[in-house]
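Quick caveat, the model's predicted, so the values are computed rather than measured. So that the names make sense, note that chain A is the first sequence line, chain B the second, and so on, each numbered from 1. Every heavy atom of this structure was used, including side-chain atoms; hydrogens, water molecules and symmetry mates were not.
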Protein chains: 2
Amino acid sequence: MSFNEAFKAIADPNRRKILSLLKKGDLTAGEIAEHFDMQKPSVSHHLKILKQADLVEDRRVGQHIYYSLNTTVFQDLMSWFYDILQKEGDKS
Amino acid sequence: MSFNEAFKAIADPNRRKILSLLKKGDLTAGEIAEHFDMQKPSVSHHLKILKQADLVEDRRVGQHIYYSLNTTVFQDLMSWFYDILQKEGDKS
DNA sequence: TAGATATTTAGACAAATTTCTAAATATCGA
DNA sequence: TCGATATTTAGAAATTTGTCTAAATATCTA
């Protein structure tokens with residue numbers, strides 16, 4: 001069910017930026033927010049959407065909540081691209 | 001400029017379906033519309049968005065307008081995924 | 001040129017999205 | 001337990017998106 005959700009999640013440039021930041025290592029919500037001009041609740045909202053799409057995971061450590069990439073769904077998205085690019089496929 | 005536009009374009013399931021249909025061969029706007037429950041102007045709207053994102057090209061042949069995949073931008077999108085998946089990258 | 005077919009454009013409208021501020025929740029440290 | 005810090009939740013407002021109907025444009029054929 002999160003295939004479509006994931007495509008929608010990565011459609012937003014702020015969320016793609018979050019994913020790029022996490023590529024380099026896990027970050028807390030606050031650290032992520034420092035990279036944006038938005039208010040923290042807005043960043044939190046984007047994190048929620050990424051989480052619902054299974055693109056990131058979160059874990060609490062004391063007062064902080066750490067976010068990290070969950071790469072498994074990326075594989076599925078990549079597969080869709082592969083399928084489009086290789087002619088003579090048969091996925092509907 | 002069409003990198004973000006392309007990500008937005010593929011966020012819609014109807015548009016992804018159009019791209020999948022075109023994978024098998026070029027189709028006219030009317031043939032594409034036959035695969036959907038939407039009215040033709042709505043399909044035309046989706047085609048316009050795909051065209052603006054450089055994901056498809058169109059050419060008129062008599063009364064018909066044929067649509068075909070333009071795979072060059074797909075490569076760019078794929079690159080973004082690759083970049084996320086391989087750790088230790090340095091794209092911001 | 002007139003009528004038929006194929007497609008797009010224009011404009012309206014409802015639903016979804018993005019952002020904000022204010023308030024709530026969770027944890028830490030004294 | 002209280003106050004400070006970190007983060008999310010709630011709810012409102014503005015913008016964007018997806019769809020529709022009606023009308024316009026382009027091409028073909030008789």
Side-chain angles (χ1 to χ4, degrees), chain A residues 1-22 25-70 73 77, chain B residues 1-22 25-70 73 77:
Chain A
M1 173 36 207
S2 65
F3 184 74
N4 185 50
E5 258 176 316
F7 269 114
K8 286 209 177 180
I10 61 169
D12 183 89
N14 291 316
R15 291 194 290 262
R16 286 200 304 280
K17 183 174 170 183
I18 291 173
L19 295 172
S20 289
L21 289 170
L22 292 178
D26 300 356
L27 294 171
T28 68
E31 289 169 336
I32 293 169
E34 286 173 6
H35 290 82
F36 292 89
D37 289 334
M38 284 178 284
Q39 298 304 309
K40 285 184 182 177
S42 301
V43 175
S44 183
H45 169 71
H46 286 303
L47 289 169
K48 185 179 189 180
I49 286 171
L50 289 170
K51 197 167 68 174
Q52 286 173 338
D54 279 332
L55 290 168
V56 304
E57 293 172 335
D58 64 343
R59 66 179 189 287
R60 178 178 280 276
V61 177
Q63 289 166 292
H64 299 268
I65 296 180
Y66 276 89
Y67 281 87
S68 56
L69 278 186
N70 176 7
V73 174
L77 301 183
Chain B
M1 173 37 209
S2 64
F3 184 74
N4 186 49
E5 259 176 315
F7 269 114
K8 286 206 176 182
I10 62 169
D12 182 89
N14 290 316
R15 292 195 288 265
R16 287 200 304 279
K17 183 175 171 182
I18 290 174
L19 295 172
S20 289
L21 289 170
L22 292 177
D26 300 355
L27 295 171
T28 68
E31 288 169 337
I32 292 169
E34 285 172 8
H35 290 82
F36 292 89
D37 289 335
M38 284 178 280
Q39 298 303 309
K40 285 183 182 177
S42 301
V43 175
S44 183
H45 169 71
H46 287 304
L47 289 169
K48 186 178 187 179
I49 287 171
L50 290 171
K51 197 166 66 174
Q52 287 174 337
D54 279 332
L55 291 168
V56 305
E57 293 172 337
D58 64 343
R59 64 180 191 286
R60 178 176 280 278
V61 177
Q63 289 168 291
H64 300 267
I65 296 181
Y66 276 89
Y67 281 87
S68 55
L69 277 186
N70 176 7
V73 176
L77 301 182

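Atom CD1 of Ile32(B) is separated from atom P of dT7(C) by 9 Å (rounded to the nearest Å). When rounded to the nearest whole Å, the span between CE of Met38(B) and P of dT8(C) equals 13 Å. At whole-Å resolution of the value, CG in Asn14(A) and C1' in dT19(C) are 10 Å apart. Residue Ile49(B) contributes atom CD1, which lies 11 Å from atom C1' of dT19(D) at whole-angstrom precision. Straight-line distance from the CD1 atom of Ile65(A) to the P atom of dT25(C): 15 Å, rounded to whole Å.
Within the structure, side chain to side chain donor-acceptor pair (under 3.5 Å) contacts touching residues 36-50 of chain A (residues at least two apart or in different chains) are Arg15(A)-His46(A).
Atom CG in Asn4(B) sits 8.0 Å away from atom CG in Asp12(A) (nearest 0.5 Å).
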Can you check nucleotides 13-17 of chain D for protein contacts, nitrogen or oxygen pairs under 3.5 Å, and list what you find?
{"unit_1": "dT17(D)", "atom_1": "OP1", "unit_2": "Lys8(B)", "atom_2": "NZ", "d": "3.3"}

Taking N or O atoms only and anything under 3.5 Å, show me the protein contacts with nucleotides 22-24 of chain D, one pair per line.
none

Just the table, please: protein N/O against nucleotides 26-30 of chain C N/O, every pair under 3.5 Å.
{"unit_1": "dT27(C)", "atom_1": "O2", "unit_2": "Gln63(A)", "atom_2": "NE2", "d": "3.4"}

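Taking five base pairs at each end of the helix from dT1(C)-dA30(D) to dA30(C)-dT1(D), the local helix axes there meet at an angle of 20°, rounded to 10°.
Phe7(B) meets the ring pair (Phe, Tyr, Trp, His ring centres under 6.0 Å) test with Phe3(B), Trp80(B); sequence neighbours excluded.
Checking dC20(D), dT9(D), dC20(C) against the side-chain heavy atoms of Lys48(A) singles out dT9(D) as nearest.
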